[in-house]
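Okay, structure first, notes after.
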Amino acid sequence: MLLVSPELDEIIALSDRIAVMYKGQIVEIVASAGVSREYIGLLMAGVKPAEARKASPTTVIDTKVERVF
């Protein structure tokens, strides 16, 4: 199922994985368990995943999920 919503809390609560897009490109696919709103917001704003991870250290990244960027 595909869920599109501007509500990050809703997306995190209802999803197993989240694909974050910026300028029409998927920049990261993350597991919703342990991801922070701040991390998703940084990716949505165009911050590269490595930089966003440094800026949002509380985010748990599932290494089994494919990184696109």
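- Closest heavy-atom contact between Leu3 and Glu10: CD2-O, 4.4 Å.
- For the residue pair Leu43 and Ala52, the shortest heavy atom distance occurs at CD2-CB, 4.0 Å.
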Checking Ile40 against Ile11 for the side chain to side chain contact (heavy atoms under 4.5 Å, CB included) test, could you report, in this order, the C-alpha distance in whole Å, the side-chain angles of both residues, the deciding distance, and whether it holds? CA-CA 11 Å; Ile40 294 173; Ile11 292 171; 5.8 Å; no
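- In terms of heavy atoms, Tyr22 sits closest to Val27 at CB-CG1, 4.0 Å.
- In this structure, the separation between CZ on Arg37 and CG on Leu42 is 12.0 Å, given to the nearest 0.5 Å.
- Formation of a donor-acceptor pair under 3.5 Å by the Ser15 side chain with backbone atoms of Ser32 is not found in this model.
- Cluster annotation: Val47 is not connected to Val20 through the hydrophobic network of ILVMFWY side chains, with a link wherever side-chain heavy atoms come within less than 4.5 Å.
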Show your reasoning for whether side chain to side chain contact (heavy atoms under 4.5 Å, CB included) applies to Met1 and Leu14. CA-CA 11 Å; Met1 175 170 66; Leu14 297 175; over 6 Å; no
